[in-house]
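Report on one structure; see the data block that follows.
Throughout, protein chains are lettered first and strands after them, A, B, ... in sequence-line order, and every chain is numbered starting at 1.
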Amino acid sequence: MGNADQQSSESDTTSRYSAQMAQDIELRWQKWWDEQGTYIQPNPGEDGFDASKPKYFCMDMFPYPSGAGLHVGHPEGYTATDIICRYKKMQGFNVLHPMGWDAFGLPAEQYAIQTGVHPEVTTKTAIDNFRRQLQRFGFCYDWSREFGTIDADYYKWTQWIYLKVYHSWFDVDADGGKGRARPINDLIQDFIGGKRKVKLNPNAAEYTGAGDLPDGTDAGPWESLDNETRKAVVDSYRLAYLSQQTVNWCPKLGTALANEEVKDGLSERGSFPVYRKPLRQWMFRITAYSDRLLDGLKDLDWPNSTKTQQAEWIGRSEGAEVGFPIVLGGGMELGESLRVFTTRPDTIYGATYMVVAPEHGLVEMAMEFAGEQTDVKRLQGYVDWASNRSDIERQENKEKTGVFLGIHVRNPLTDELIPVWTADYVMMSYGTGAIMAVPGQDQRDWDFAEKFDLPIVRTVTPPADFDGEAYTGDGPAMNSGMLDGLMINEAKSKIIDWMSEKHIGAKRVNFKLRDWLFSRQRYWGEPFPIVFDERGNHHGVGEDSLPVRLPPLTDYQPVESDTPQPLLAKATDWVNTTAGQAGVHGLHPDEKVTRETNTMPGWAGSCWYYLRYCDNKNNDQLVGDAAQDYWMGESGVDLYIGGNEHAVLHLLYARFWHMVLFDLGVVKSEEPFRKLFHQGMITSHAYQRANKTLVPIDEVENLGTEEKPEYIELADKTPVDRIVAKMSKSLKNVVNPDDVIAEYGADTFRLYEMYMGPLEASKPWNTRDIIGLYRLVQKIWRLCVDETTGELKFADVADDAAEKQLHRMIAKVGEDIEKLSFNTAIAAMFEFVNVAKVLTKDQMDRFVRAIGPFTPHVAEELWHMLGHETSVAIADWPSYEESMLVDDEIEIPIQVMGKLRSKLHVSPDTDAKTLEALALADEKIVALIEGKTVRKVVVVPGRMVNIVAN
RNA sequence: GCCGAGGUGGCGGAAUCGGUAGACGCGGUGGAUUCAAAAUCCACUUCUGGAAACAGAGUGGGGGUUCAAGUCCCCCCCCCGGCACCA
């Protein structure tokens with residue numbers, strides 16, 4: 001069973017579709033397509049470009065070429081885009097359908113560490129293997145547009161974009177307050193001309209919390225500043241900036257990671273513990289785009305879940321920032337305020353204590369100006385303990401901990417003194433790193449207050465029997481002076497107005513999104529186009545000196561260390577150079593400089609690759625204007641299909657880069673991907689013991705039947721359950737696409753993956769089911785080809801039923817491709833081949849075109865047998881007649897009281913009156929309603945009749 | 001805890017607007033063909049009762065709206081994915 005290689009022993013079926021014939025047909029046409037350049041799509045201005053056609057830009061998320069080769073999940077999305085692109089091409093679109101390689105990254109480097117083979121060697125081998133595998137599927141990629149992110153003439157432009165961002169700042173006032181990136185020279189001109197006040201614009205991340213709002217410190221007139229200060233001012237504005245801040249440090253990977261790369265306190269890659277560590281790293285000021293990244297989501301044709309995930313990651317929340325004057329130990333007023341962010345300013349009368357994060361500046365200040373109440377030793381002990389806690393520990397143990405700072409703040413409304421504590425349930429990275437704790441209305445504060453015996457004051461009246469926890473619902477304010485009796489929203493606006501007037505606080509919006517940590521201490525990534533002079537100042541290299549090539553390294557063994565040790569530091573000849581050699585303008589050519597030794601993260605290359613596809617050979621621009629205008633148009637890529645694991649990684653980063661490039665005039669659309677779709681994961685089966693542990697598939701036997709299975713574990717004969725599980729090496733349930741193609745051919749493989757279920761759903765692979773799709777291809781073959789002669793066989797006269805079914809199939813397949821509903825399109829093909837026995841030449845011609853997007857090889861073979869000399873891929877999509885979709889006679893159900901009792905067979909345009917009369921006269925119905933009163937008859941013409949009788 | 005997407009035969013899944021639940025495929029049963037098998041073709045295949053006609057039940061559970069509910073509303077349960085002490 002299921003052995004498709006089985007050859008018929010009968011001599012009269014010389015032309016039966018078999019696995020061997022599939023190999024022959026598929027390889028032959030793949031070679032021909034390649035020779036003919038069938039899938040090469042010229043650019044505007046090039047030979048063969050037809051400017052009268054509309055464009056369709058359809059992309060897959062390009063793969064990371066791993067040594068393991070393609071798994072069955074890859075071709076799922078790729079087959080979907082392939083079908084759409086073939087269909088669009090046949091409909092007369094110029095279709096841009098490219099493929100490339102996301103080839104920098106950690107796995108190749110880790111493999112290199114184990115084996116000593118250079119990552120470039122393993123990566124290129126893996127790319128060759130991936131390309132071979134993809135070509136075996138017959139995908140219609142325009143391979144002339146292929147590139148890898150590791151190619152120097154590609155990463156040259158990645159570095160070019162980095163420099164663009166580095167040489168930009170975000171003008172928050174531009175475009176009516178929407179904000180826009182502008183060249184840093186504009187800022188300098190503004191400073192020189194006095195149009196803009198010169199301020200040291202501290203990064204929000206460098207702000208330690210105590211004291212004034214981080215809206216910049218006056219630096220005095222530009223002319224009065226020395227060069228170093230000027231540079232410091234300008235650097236503090238850059239969209240790519242170097243900053244000391246608390247980052248996610250992963251000792252096992254030996255690199256710092258972005259927030260988006262940490263999941264549940266572990267590194268996304270490798271699942272190693274992550275610690276918080278203050279480090280000096282390159283950051284991208286993505287937070288400047290918080291509002292635009294959020295607003296832009298509204299108009300995108302993206303899955304709801306993905307938009308929600310991004311929106312929640314950006315995490316906009318409205319509230320107020322309030323200042324509480326600081327009173328040091330001994331009652332001395334400091335003259336500065338502790339600023340807190342709250343979404344519930346209405347509860348300020350219930351703020352019975354304050355909490356600052358352990359990294360907050362006020363903690364250090366409390367130790368410095370220690371009063372009687374300050375236990376410096378305990379405080380320091382707590383801060384040290386908190387900083388050594390990994391994120392995973394924090395998540396696993398949420399027991400409240402904290403220490404009193406020994407200082408107080410004054411409630412600006414009541415003048416009461418409120419104690420200030422530090423506790424690690426407050427994050428330095430959100431808001432101001434300080435909160436006013438209102439245990440009456442916040443459960444976390446309630447828990448803390450209970451544990452440390454702090455007072456609890458309710459300021460919102462809870463329901464009568466409510467007790468024992470914080471009340472977060474609405475209700476009239478109590479214990480709240482001038483707010484008493486007001487509901488939450490009224491109280492909020494009243495108190496914000498009052499505080500704004502008194503300059504105590506103001507309305508404020510906060511985001512969860514943090515700036516993007518962009519430097520990694522690894523080897524296999526793009527070098528930064530940055531050098532440092534001997535004073536430690538950073539400089540961008542000139543565009544004319546790009547690419548900054550990744551130097552070869554023989555030893556990429558990382559030094560396990562608590563501090564970053566960038567591997568490129570080992571390339572001493574490369575690191576130590578001169579301004580002239582590095583191509584830095586504005587320094588003396590002989591000045592000694594050292595290169596930045598961090599590298600860019602894997603995301604860098606994928607942030608803009610869609611642009612390069614439009615014009616991958618351009619040496620002068622990252623993408624030529626005409627190519628970009630045509631392919632990207634107003635709204636970018638027309639369809640982008642890939643996994644949802646990048647919802648807040650690649651898909652957020654790419655939008656950010658694109659917006660910056662838009663602001664700087666490099667691209668013309670504000671968003672890169674208009675329509676996004678996620679293919680579901682292809683899972684497999686595994687077996688589960690009673691204790692929920694999993695058993696590999698080869699250690700289990702089924703003692704029962706297919707219908708009533710009884711699975712037992714071979715080792716100890718205990719029963720196990722069959723469950724759906726991810727494919728993994730350890731469960732031995734991984735399917736290799738090469739094996740499936742060898743057994744059934746690529747056309748069958750493509751059909752099977754598209755027929756498994758809805759594209760977006762996660763679906764279990766079931767080898768048993770493939771045979772059904774193999775039979776479909778065989779039926780297609782047998783419908784067209786005489787198995788004894790190997791020649792096409794034709795009917796002289798078209799069979800009415802077949803003709804009708806063909807129109808239906810063409811209509812359904814076209815509609816379903818547009819809806820990305822491939823499983824139902826294939827069902828329509830089954831229905832057709834089940835009805836049709838033999839076709840006329842004209843019918844076959846239409847049929848072959850309609851299956852072309854799904855089974856391109858067998859379609860191409862039949863197409864040429866039909867006498868065509870050009871590819872079916874460039875034939876016209878067949879048309880159908882609306883009138884052929886209507887039946888001569890339809891079946892109308894007759895219900896009595898909503899239950900199906902009989903059926904009428906009538907012409908589809910029978911009117912309501914006739915239907916009612918026919919229904920009431922129906923034999924079965926007459927018997928049923930005998931002795932009852934007909935109260936009502938509901939008739940939906942063309943649909944049903946329902947008789948209400950009792 | 002919050003957010004998102006789901007739950008339909010033995011299995012994968014269909015079902016525009018509320019209008020014949022289970023299209024199509026796998027598996028299964030019976031038959032034709034064959035010396036025999038494979039392949040192919042035909043019939044049946046949601047469950048229960050029944051020889052059948054037919055009757056009853058049925059889309060995770062409970063309630064509701066409606067002539068009519070897989071589909072709409074309310075409550076609950078389960079599974080998957082994301083976020084998670086975010087003030």
>> In this structure, how many angstroms lie between the P atom of B:A87 and the CG atom of A:Asp445, rounded?
In response: 12 Å
> Any ion pair linking A:Asp424 and A:Arg394 (charged N to carboxylate O, less than 4.0 Å)?
Replying inline: yes
> B:A57 and B:G4: how far apart are their C1' atoms, nearest whole angstrom?
Replying inline: 35 Å
>> Taking any heavy-atom pair under 4.0 Å as a contact, classify A:Lys779: base, sugar-phosphate, or nothing.
In response: sugar-phosphate
> Quick one: A:Glu753 CD to B:G25 C1', roughly how many Å, whole number?
Replying inline: 16 Å
> Going by a 90° cut-off around 0, is B:G9 syn or anti?
Replying inline: syn
> Taking the C1' atom of each, how far is B:G27 from B:C35, in whole Å?
Replying inline: 30 Å
>> Using the side-chain heavy atoms of A:Lys400, tell me which of these nucleotides is nearest: B:C24, B:C85, B:G4.
In response: B:C85
> Taking atom P of B:G12 as reference, at what distance in whole Å does atom CZ of A:Arg768 sit?
Replying inline: 10 Å
> Who are the ring pair (Phe, Tyr, Trp, His ring centres under 6.0 Å) partners of A:Phe832, not counting sequence neighbours?
Replying inline: A:Phe847
> Can you check the A:Leu783 CG to B:U40 C1' distance for me, whole Å?
Replying inline: 15 Å
> Only one of A:Asn411, A:Thr459, A:Val457, A:Val438 clears side chain to side chain contact (heavy atoms under 4.5 Å, CB included) with A:Tyr349; which?
Replying inline: A:Thr459
> Quantified in whole Å, what is the C1' atom distance between nucleotide B:G60 and nucleotide B:G49?
Replying inline: 26 Å
>> Considering every strand and a 4.0 Å limit on heavy-atom distances, what is the contact class for A:Thr306: base, sugar-phosphate, or nothing?
In response: nothing
> Taking the side chain from A:Ser267 and the backbone from A:Arg269, do they hold a donor-acceptor pair closer than 3.5 Å?
Replying inline: yes
>> What's the gap between B:G10 and B:C17 when it is taken at their P atoms, as a whole Å value?
In response: 28 Å
> Using 4.0 Å as the upper bound for N to carboxylate O, is an ion pair formed by A:Lys812 and A:Glu831?
Replying inline: no
> When Watson-Crick pairs (N1 to N3 and N6-O4 or O6-N4) and G-U wobble pairs (N1-O2 and O6-N3) count only below 3.5 Å on both distances, what is the dot-bracket string of RNA chain B, with | for other-strand pairs?
Replying inline: ((((.((..(((......[....)))((((((.......))))))((((....))))..(((((..]....))))))).))))....
Give each protein N/O atom lying under 3.5 Å from an N/O atom of nucleotides 82-84 of chain B, with the pair distance.
none

> Does a side-chain N-to-carboxylate-O contact under 4.0 Å join A:Asp922 and A:Lys903?
Replying inline: no
>> If I pick the P atom on B:U59 and the same atom on B:G22, what distance separates them, to the nearest angstrom?
In response: 14 Å
> In whole angstrom, what separates A:His685's NE2 from B:C11's C1'?
Replying inline: 8 Å
> B:C26 phosphate, OP1 or OP2: any side-chain N/O from A:Arg775 under 4.0 angstrom?
Replying inline: yes
>> Given A:Ile892, which partner from the list A:Thr910, A:Leu918, A:Leu915 fulfils the side chain to side chain contact (heavy atoms under 4.5 Å, CB included) test?
In response: A:Leu915
> Reading nucleotides 42-54 of chain B 5' to 3', which nucleotides get B (base under 4.0 Å from a protein heavy atom), which S (sugar-phosphate only), which -?
Replying inline: ------------S
> Can you give one letter per nucleotide of nucleotides 13-20 of chain B, going 5' to 3': B for a protein heavy atom under 4.0 Å from the base, S for sugar-phosphate only, - for none?
Replying inline: SS----BB
> How would you label the contact of A:Arg782 with the nucleic acid (heavy atoms, under 4.0 Å): base, sugar-phosphate, or nothing?
Replying inline: sugar-phosphate
> Where does B:C75 land, syn or anti, given syn is within 90° of 0?
Replying inline: anti
> What integer distance in Å separates A:Ile771:CD1 from B:G28:P?
Replying inline: 12 Å
> Does A:Trp781 reach the main-chain N or O of A:Ser15 with its side chain, forming a donor-acceptor pair under 3.5 Å?
Replying inline: yes
> Considering only the P atoms, how many Å lie between B:C24 and B:C44, rounded to the nearest integer?
Replying inline: 11 Å
> Quick one: CE on A:Met756 to CD1 on A:Ile682, what's the gap to the nearest 0.5 Å?
Replying inline: 4.5 Å
> Mind checking what makes salt bridge (Lys or Arg N to Asp or Glu O under 4.0 Å) contact with A:Lys932, not counting sequence neighbours?
Replying inline: none
> Side chains of A:Asp445 and A:Tyr425: donor-acceptor distance under 3.5 Å anywhere?
Replying inline: yes
> Expressed in whole Å, how much space separates the P atoms belonging to B:C2 and B:C75?
Replying inline: 13 Å
> Is the backbone of A:Asp786 close enough, under 3.5 Å, to the side chain of A:Lys793 for a donor and an acceptor to pair up by distance?
Replying inline: no
>> Please report the distance, rounded to the nearest Å, between CG in A:Asn644 and P in B:A5.
In response: 13 Å
> Rounded to the Å, how far apart are A:Met809 CE and B:A23 C1'?
Replying inline: 16 Å
> When you match A:Asp442 and A:Leu773 each to their closest nucleotide on RNA chain B, which lands nearer the 5' end?
Replying inline: A:Leu773
> Does a salt bridge link A:Glu399 with A:Lys451, judged by any charged N lying under 4.0 Å from a carboxylate O?
Replying inline: yes
>> Using 0.5 Å steps for rounding, measure from the CD1 atom of A:Ile314 to the CG atom of A:Leu297.
In response: 5.5 Å
>> Nearest 0.5 Å, please: how far is CZ in A:Phe822 from CG in A:Leu759?
In response: 6.0 Å
> When you compare B:G63 with B:A14, how far apart are their P atoms, in angstrom units rounded to a whole number?
Replying inline: 29 Å
> So which nucleotide from B:A87, B:C24, B:C85 ends up closest to the side chain of A:Val426?
Replying inline: B:A87
> Do A:Ser317 and A:Tyr430 have a side chain donor and acceptor closer than 3.5 Å?
Replying inline: yes
> Given that A:Leu928 and A:Thr343 both sit by RNA chain B, which one's nearest nucleotide is further toward the 5' end?
Replying inline: A:Leu928
